[in-house]
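Below, chains carry the letters A, B, ... as their sequence lines are ordered, and counting in each starts from 1. The structure presented is a predicted model; accordingly, all values stated were derived computationally and were not measured.
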4 protein chains.
Amino acid sequence: MNSKEARPHTGRRRNEAARRAILDAALHLLADSDGAPVSVETIARAAGVGKQTLYRWWPSKGAVLLEALTERAAQDVPSPDTGSLPGDLRALATATFQAAQGPPTAPALRTLVREAARDPHLAELMATFTETRRAAVRLILERGRDRGELPADRDIDLMIDQFYGFFWYRFLLGHAPLDATTAQDITDSLLG
Amino acid sequence: MNSKEARPHTGRRRNEAARRAILDAALHLLADSDGAPVSVETIARAAGVGKQTLYRWWPSKGAVLLEALTERAAQDVPSPDTGSLPGDLRALATATFQAAQGPPTAPALRTLVREAARDPHLAELMATFTETRRAAVRLILERGRDRGELPADRDIDLMIDQFYGFFWYRFLLGHAPLDATTAQDITDSLLG
Amino acid sequence: MNSKEARPHTGRRRNEAARRAILDAALHLLADSDGAPVSVETIARAAGVGKQTLYRWWPSKGAVLLEALTERAAQDVPSPDTGSLPGDLRALATATFQAAQGPPTAPALRTLVREAARDPHLAELMATFTETRRAAVRLILERGRDRGELPADRDIDLMIDQFYGFFWYRFLLGHAPLDATTAQDITDSLLG
Amino acid sequence: MNSKEARPHTGRRRNEAARRAILDAALHLLADSDGAPVSVETIARAAGVGKQTLYRWWPSKGAVLLEALTERAAQDVPSPDTGSLPGDLRALATATFQAAQGPPTAPALRTLVREAARDPHLAELMATFTETRRAAVRLILERGRDRGELPADRDIDLMIDQFYGFFWYRFLLGHAPLDATTAQDITDSLLG
DNA sequence: ATTTAATCGAGACGGTACGTCATGTCTTCGG
DNA sequence: CCGAAGACATGACGTACCGTCTCGATTAAAT
C-alpha cells in the first residue's frame, strides 16, 4: 500500500569508507591546521574524495567538521553514572576538561569555533551540538534531583548554562586552568 | 593660502567625516547583517570610502568593528555600588544583560565576538576589553568579601568566570533569556 | 570454433524503447537548446534512462547525436537526375539548403558539428557522412563533364569543396540566406 | 557640463603587461594544447595572473582566445594591394592559407573552433572575427569591380562566402591541400 | 521450472573546470 | 600628502558534467 516503502532503494549505496575518510580527514586537518581555516578542497583531497561527495551528504563544510567533532566528543566524554550527583557531575567535568585539553580535540574545537565565526550556518549547527551536550548535564542533574540530592526548586537550566558557560569561557580565553581540581571546584560551587 | 595658524603638519589631514562614516557604516551593517559576515568591501562601499582608507587607519576589519562598538558601549555598564554584594552583583548583571540585548548592540556584539575568533589582533583588543569587565566584577566581589558577605575561602576567579561565562554562553547561543529575572537568579545561584 | 556463434545470446535483450527514447530526447534537446551544449546527463534524464544505458550502446555523446540526426536526415537529400548539370546541381543545392533549414534539423545539425569538433570519434563519423555527400556532388559533376557540360580540365574536387564549403560556411555562421535564389546563384557561379 | 566627462578616470589603471601576458599565454597554450581544451585556470596561471583579472576584461574564455588570435591574424594576413584584382585575391589567399598552416596559428585556430563548439558566446565572437576577415575580401573585390575587373552584377557576398567557405572547409577537414597552387586555383575559379 | 546472465533505471563515486566572491596590497588621480 | 576608486594576485566557494562503478529489479534464453 505504501509505495514509499515499496521502493527500498535504488542506485549505488553510500560508500561508508568515504564517509569515514572524510570525517577522519576533517578532524585531522582541524587539529593540525593551527587555527587556520580548513577548506572543503583540502578535506576532500585529504580524504581522497571528490568535493561533490562532501556536498552530497553534508549541507556545508561546517556540518562535516561538526559531525567529526561530535563523534569524537561522544566517545571522549561518555555520560557517567556513578550513583551520586556530585560524582556524576565531577566525572563529566573532568572528562570534558580533559578532552578539551589534548589534541586532536582542543585545536579542532577552537578552529571550529573560529569557523563558526564566519559561517552562520555552522553557528546554528554549533547550537545543536551544544544542546546535545547540555542534555547530558541535564540528565545528570535531573537524576540527582529525583534522588533528592538537589532541591526540587533549583533552576536546572541555569545550572547547566553556568556549567558550560564556565567551561567555554575558560577554554576559549585560556586565562585559567581547566584541570581536575577545577572540575572539583566547579562541581562544588554549583552543588554546594 | 592656508588661513589656519601654525600647523606643524603638512599635507591633507585625516578626514574626520570619513572616520565617522566608516564607524557608522560598520555599526549599521553589524546590526543589520544578522550574523552574516561583514566584509571590508561592504563597509567601505556603505561608507562611500576606499578600502585603503580603512586599512590605513585600522590594522584589521575587527579593529574597526571594535572601535565602532566600544565607542557606543563605553558608558552602558557602569560599576554599581548599592552597598550590598547581592545588590551590586544583581545591578551589574541587569545592566550587562540589558545593554547586550537591544539593537544595534546585540547583533553587533555577536558579530564582533565572531570576528575576534579569527583575528588575533582583535582578540587581543577583546581580551583587554573583557579584562576590564572582569575587574568590575572582581571589585564587587572583593568588596563584598571584605564586608563579610562572602566566605573568605570562596574562589573569586571561579565566580567571575561563572558569571561572565554564563552571560556569554547565553548571549551567544541565545537559547534562553537574559532578563531581569535571570539576573536575580544568577546572582542568587552564585552567592547562595 | 567461434564461441560467439556457439552461444547465440543469454540474458535480457536490448530495450528498443530505451533506444528510441534516447534518440528522440537527444534530437529534441538538440533542437531546443539553441546552440547550448547538450549534456549526457540531460539526455539521459529527458529520456528517462540511466547514463550507463547511454554509454553501453554509444561510445560518446556525439555518436548518439549523430545517430539521432542521420536517422532523420538520411532520405532528405536524394541524388537528383534532371538530365542537365545546372539542373542537377541546382536541385541538389535547393534540397540541401532546405533540408538544413527547418527545425529540428538546423539547430541539431549545428550542435552536432560543434560536438564533432571536440570528439574525434564523432568527427570520423561526420567525415564518412560528408564524404557520402561529396560523392553525390562528384557524381553530378562528372556526369555533366562526360556530357560535355563542363570543360574537361575543371578541377572537380575544387568545385565540390567550393560547393560544400559555401554551404557549411553560411549554414554555421548564419549571416546570409540559404534559399532557392541562393541555390540558383551558387550553381551559376560554379558553372558560369 | 557632462559629468561623465568630468571624471576622466579614477583608481588604478589597467595593467597592460597583464593583458599582454594573458594574450600571449592564451595563444601559446592554444597552440601547444594539441586540440585539448584550454582552461581559464591554465591561462591565468601561465600568465601569472588571477582569474578575476581575466574575467574583468573579457566576458568569457573564448573572448580571450579570440582576441589573441585576431591580433595574430591581423599581423599574419595583411590586406594586399597589388594593383590588380587577381593579384590581390591570390595574395590574400596565399597569405591566409600559409598562416593557417604553421604553428602557432593552425592548432590555435583549430582549438578555437573546437571551443566555439561548446560556447555559444564564443561562437558569436567567431562570427565577428569572420566578419572582419570577410571585410578584407570585400574590399579587394569592390576595388576590383570599381576598376572594371569584375562585372558590376556579380554578387560579391556570394563570392566572399565561396572563398572563405572553401578555406574553412578544407582547413577543418584537412582532406586536401591549401597551398600556393590551390590559392591560384581558387582565385581563377572565382574570377574566371 | 530453474538457473544464468545481460539488461534496465537510479544514483554514488573521483575528478576537472567553471564563474563568483572576499582579502589585503598596489597604483592613479583630484583635491 | 590624503582620500576615492579600483586593478591586482590569491585562493575558497558551491555547481555542473564527465565517465565509471555499484545497486536491486527485470527479462529472456539455456538448462
Closest non-hydrogen atom pair, [X] against [Y]:
| X | Y | value |
| --- | --- | --- |
| C:Ala68 | C:Leu23 | CB-O, 3.7 Å |
| D:Val64 | D:Ala26 | CG1-CB, 4.0 Å |
| D:Ala46 | D:Leu29 | CB-CD1, 4.0 Å |
| C:Val49 | C:Ala18 | CG2-CB, 4.2 Å |

Given atom [atom1] of [X] and atom [atom2] of [N], what is their separation to the nearest angstrom?
| X | N | atom1 | atom2 | answer |
| --- | --- | --- | --- | --- |
| A:Leu54 | F:dA16 | CG | C1' | 17 Å |
| C:Leu29 | F:dC17 | CG | P | 11 Å |
| C:Lys61 | F:dC17 | NZ | C1' | 8 Å |
| C:Arg13 | E:dA5 | CZ | C1' | 13 Å |

Legend entry - Geometric cation-pi criterion, D:Arg14 with D:Trp58: 6.0 Å, 45°: yes
Inset, instruction - Identify, between C:Tyr55 and B:Thr53, the residue whose nearest nucleotide on DNA chain F lies closer to the 5' end. - result: B:Thr53
Legend entry - Residue mapping more 5' on DNA chain F - nearest nucleotide basis, A:Ser39 or B:Arg56: B:Arg56
Legend entry - Close approaches to DNA chain E from residues 16-25 of chain D, in residue order (heavy atom, under 4.0 Å): none
Legend entry - Residues from residues 40-50 of chain D lying under 4.0 Å of DNA chain E - heavy atoms: D:Val40, D:Glu41
Legend entry - All salt bridge (charged side-chain N to carboxylate O under 4.0 Å, His left out) counterparts of D:Arg19, not counting sequence neighbours: D:Glu16, D:Glu67, D:Glu71
Legend entry - Between CZ on residue D:Arg72 and CG on residue D:Leu109, distance to nearest 0.5 Å: 12.0 Å
Legend entry - Euclidean distance, D:Asp24 CG relative to D:Ile43 CD1, rounded to 0.5 Å: 12.0 Å
Inset, instruction - Test for a donor-acceptor pair under 3.5 Å between the base of E:dC26 and the side chain of D:Arg12, counting only N and O atoms. - result: yes
Inset, instruction - Answer yes or no: side-chain N or O of B:Gln52 and base N or O of E:dC26 forming a donor-acceptor pair under 3.5 Å. - result: yes
Legend entry - Among E:dC13, E:dG24, F:dA16, the nucleotide that comes nearest once only the side chain of B:Lys51 is considered: E:dG24
Inset, instruction - Would you check if A:Tyr55 and A:Val40 make a side-chain contact, meaning some heavy-atom pair closer than 4.5 Å? - result: yes
Legend entry - Short side-chain N/O contact from B:Trp57 to OP1 or OP2 of F:dC2, under 4.0 Å: no
